[in-house]
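Structure first, commentary second.
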There are 2 protein chains.
Amino acid sequence: MPDLIHDGDSAAAVSSLRSAVMLLGRRLKHQRVDESLSPTEMSVLGTLARCGSATPGELARKEHVQPPSMTRIVALLEAKGLVRLEPHPDDRRQKRVSQTEQAEAMLAESRTKRNAWLSHLAEGLDEDEWEKLRAAAPVLEKLAHL
Amino acid sequence: MPDLIHDGDSAAAVSSLRSAVMLLGRRLKHQRVDESLSPTEMSVLGTLARCGSATPGELARKEHVQPPSMTRIVALLEAKGLVRLEPHPDDRRQKRVSQTEQAEAMLAESRTKRNAWLSHLAEGLDEDEWEKLRAAAPVLEKLAHL
DNA sequence: CGTAACTCATTACCCAACCTAAATACCACC
DNA sequence: GGTGGTATTTAGGTTGGGTAATGAGTTACG
């Protein structure tokens with residue numbers, strides 16, 4: 001762990017990251033790609049799309065949410081027909097959560113909407129700034145999952 | 001607005017940014033630098049430290065929060081002795097909000113705590129990744145303020 | 001075996017941090 | 001001097017999480 005990391009620049013960057021993330025998070029809550037679907041619900045669908053299927057507990061750990069919250073989220077997604085719940089083959093305590101074809105379609109649609117939002121944001125940033133964001137995105141994701 | 005911006009990489013980056021920001025935001029809510037001070041309150045103090053003083057309305061606009069929310073936040077900060085409220089010299093509808101010496105001290109203390117948090121996170125990222133974060137931090141901040 | 005300890009999911013309840021709508025006080029302009 | 005617009009506040013509601021306690025199922029151990 002080099003001391004380079006603890007210089008003033010990094011301290012300022014962390015401070016800046018902190019406030020920017022909180023602020024952006026607040027705004028993203030409102031500018032949703034899909035109305036009637038909270039950011040966490042969206043995120044769960046994304047995770048399921050990547051992982052195929054998972055148990056509620058696994059999802060809770062991946063989204064850094066407590067199990068009861070994930071229970072509620074999964075129930076909402078099921079009510080919207082975006083997710084299917086099946087008994088776990090080996091362990092009758094657990095359940096298998098997997099996405100439906102409808103969720104697949106919704107994700108595709110959300111991708112186009114996201115492009116529209118992207119175009120809107122593009123007005124405010126130049127190509128160099130976008131490049132920095134693209135480079136940082138995977139790092140932020142890694143950071144978010146610790 | 002070049003078409004470069006609308007390629008698949010950027011769409012993926014936006015998607016990745018979205019979930020990472022929401023996730024990080026959720027976690028930052030819990031890992032606060034100072035207990036008993038919400039992220040937004042912290043952010044308001046930071047803004048005041050930069051700007052000197054402002055009216056509640058100005059603060060609401062800068063933090064992208066509705067005026068009633070800022071009223072409450074300012075009231076809480078005042079109750080904690082971190083902020084001072086004075087009548088506006090020119091307009092008796094408005095108020096001037098400025099930070100107290102106590103807030104100054106608290107911000108200094110929070111900076112050291114932030115460094116501790118930073119050291120903890122540093123374990124998970126290499127220098128190259130930090131460099132990307134440092135580069136992206138100001139862009140994220142710009143993005144957050146639209 | 002059988003029972004004790006643990007784990008997964010859930011239920012019930014709570015709380016923080018926002019929001020909108022409406023009220024109040026004030027300014028500014030014709 | 002009334003009228004429309006703006007700054008803040010009050011009142012009340014919603015949302016997206018959290019904690020504590022319960023029930024059902026599994027595992028380990030005497």
Side-chain angles (χ1 to χ4, degrees), chain A residues 19 21-32 34-45 53-80 83-98 144, chain B residues 18-19 21-32 34-45 53-80 83-97 144:
Chain A
S19 64
V21 164
M22 291 310 302
L23 208 52
L24 255 183
R26 243 192 333 265
R27 308 195 63 191
L28 282 173
K29 258 174 91 166
H30 297 288
Q31 303 193 359
R32 329 199 140 155
D34 189 304
E35 212 60 39
S36 88
L37 216 57
S38 85
T40 308
E41 291 176 272
M42 204 61 205
S43 183
V44 167
L45 284 184
S53 75
T55 69
E58 284 168 355
L59 287 174
R61 277 187 293 276
K62 282 186 201 191
E63 303 292 329
H64 285 99
V65 153
Q66 296 303 310
S69 304
M70 189 50 71
T71 294
R72 197 165 5 79
I73 290 166
V74 165
L76 288 175
L77 287 175
E78 191 192 18
K80 288 168 192 158
V83 127
R84 199 181 357 256
L85 273 140
E86 301 163 86
H88 194 284
D90 305 334
D91 186 340
R92 276 185 298 173
R93 288 172 305 180
Q94 303 184 52
K95 290 180 180 172
R96 279 223 136 252
V97 187
S98 54
Chain B
R18 236 186 92 87
S19 64
V21 164
M22 292 310 303
L23 207 52
L24 255 183
R26 224 168 18 238
R27 306 194 64 189
L28 282 173
K29 259 174 89 167
H30 296 286
Q31 303 193 1
R32 334 199 135 152
D34 190 304
E35 212 59 40
S36 89
L37 216 57
S38 84
T40 308
E41 291 175 272
M42 203 61 206
S43 183
V44 167
L45 285 184
S53 76
T55 68
E58 284 168 354
L59 287 174
R61 277 187 293 277
K62 282 186 202 193
E63 304 291 331
H64 285 98
V65 153
Q66 295 305 309
S69 304
M70 191 48 72
T71 294
R72 198 173 13 78
I73 290 166
V74 166
L76 288 174
L77 287 175
E78 192 192 18
K80 287 168 193 159
V83 128
R84 199 180 359 252
L85 273 142
E86 301 163 86
H88 195 284
D90 305 335
D91 186 339
R92 277 186 297 172
R93 287 172 305 180
Q94 304 183 52
K95 291 180 178 172
R96 290 237 123 235
V97 186

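In this text the structure is predicted, and so the values were computed from the model without any measurement.
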- Item | Closest non-hydrogen atom pair between A:Val21 and B:Gly25, with its separation | CG1-N, 3.6 Å
- To the nearest 0.5 Å, atom CG of B:Leu24 lies from atom CG of A:Leu24 at 11.0 Å
- Leading and trailing nucleotides of DNA chain D with any atom under 4.0 Å from heavy atoms of chain A: D:dG16 to D:dT26
- Message: Any base atoms under 4.0 Å from A:Pro56, or only sugar-phosphate, or nothing? Heavy atoms, all strands.
- Response: sugar-phosphate
- Task: For the residue pair B:Met42 and A:Met22, establish whether any side-chain heavy-atom pair is separated by less than 4.5 Å.
- Result: no
- Task: Indicate, with a heavy-atom threshold strictly under 4.0 Å, whether B:His30 touches base, sugar-phosphate, or nothing.
- Result: sugar-phosphate
- Query: Counting any heavy atom closer than 4.0 Å, what does A:Ser38 reach on the DNA or RNA strands: base, sugar-phosphate only, or nothing?
  - Reply: sugar-phosphate
- Could you give the angle between the helix axes at the two ends of the helix from C:dC1-D:dG30 to C:dC30-D:dG1, with five pairs per end, rounded to 10 degrees? 10°
- Message: Please check this pair: side chain of B:Arg26 against backbone of A:Glu63, looking for a donor-acceptor N/O pair closer than 3.5 Å.
- Response: yes
- Item | A:Glu78 CD - C:dA9 P separation (whole Å) | 14 Å
- Separation of A:Glu58 atom CD from C:dA9 atom P, in whole Å? 8 Å
- Query: Among B:His88, B:Lys95, B:Arg93, which residue meets the side chain to side chain contact (heavy atoms under 4.5 Å, CB included) test with B:Thr55?
  - Reply: B:His88
- Query: In whole Å, what is the span from the CD1 atom of A:Ile73 to the C1' atom of C:dA9?
  - Reply: 14 Å
- Looking only at atom types and distance, does a side-chain atom of B:Arg92 sit under 3.5 Å from a main-chain N or O of B:Pro87, one as donor and one as acceptor? no
- Query: Under 4.0 Å: is that the gap between some side-chain N or O of A:Lys29 and OP1 or OP2 of C:dA17?
  - Reply: no
- Item | With sequence neighbours excluded, residues passing side-chain contact (heavy atoms from CB on, under 4.5 Å) with B:Ser69 | B:Val65, B:Gln66, B:Arg72
- Over how many whole Å does the gap from A:Arg72 atom CZ to C:dA9 atom C1' extend? 14 Å
- Query: Can you check the A:Gln66 CD to C:dT7 P distance for me, whole Å?
  - Reply: 15 Å
- Item | A:Thr71 side chain near C:dT11 phosphate (N/O to OP1/OP2, under 4.0 Å) | no
- Query: Heavy-atom distance under 4.5 Å between the side chains of B:Val97 and B:Leu85, does that happen here?
  - Reply: yes
- Item | B/S/- contact track for nucleotides 22-29 of chain C, protein heavy atom under 4.0 Å | ---BBS--
- Task: Using atom CZ of A:Arg26 as one end and atom P of C:dA17 as the other, report the distance to the nearest whole Å.
- Result: 11 Å
- Message: Does A:Leu59 form a side chain to side chain contact (heavy atoms under 4.5 Å, CB included) with A:Ile73? I'd like the steps, not just the answer.
- Response: CA-CA 10 Å; A:Leu59 287 174; A:Ile73 290 166; over 6 Å; no
- Query: Got a sec, which residues hit salt bridge (charged side-chain N to carboxylate O under 4.0 Å, His left out) with B:Lys80, two or more places apart in sequence or on another chain?
  - Reply: B:Glu41
- Item | With sequence neighbours excluded, residues passing salt bridge (charged side-chain N to carboxylate O under 4.0 Å, His left out) with A:Arg84 | A:Glu101
- Minimal heavy-atom distance between B:Ala144 and A:Arg27, with the atoms involved, is O-NH1, 2.7 Å
- Between A:Ser69 and B:Glu41, who's closer to the 5' end of DNA chain C by nearest nucleotide? A:Ser69
- Query: Between atom CZ in A:Arg61 and atom P in C:dT7, what is the gap in whole Å?
  - Reply: 11 Å
- Query: CG of B:Leu37 versus P of C:dA16: gap in Å, rounded?
  - Reply: 14 Å
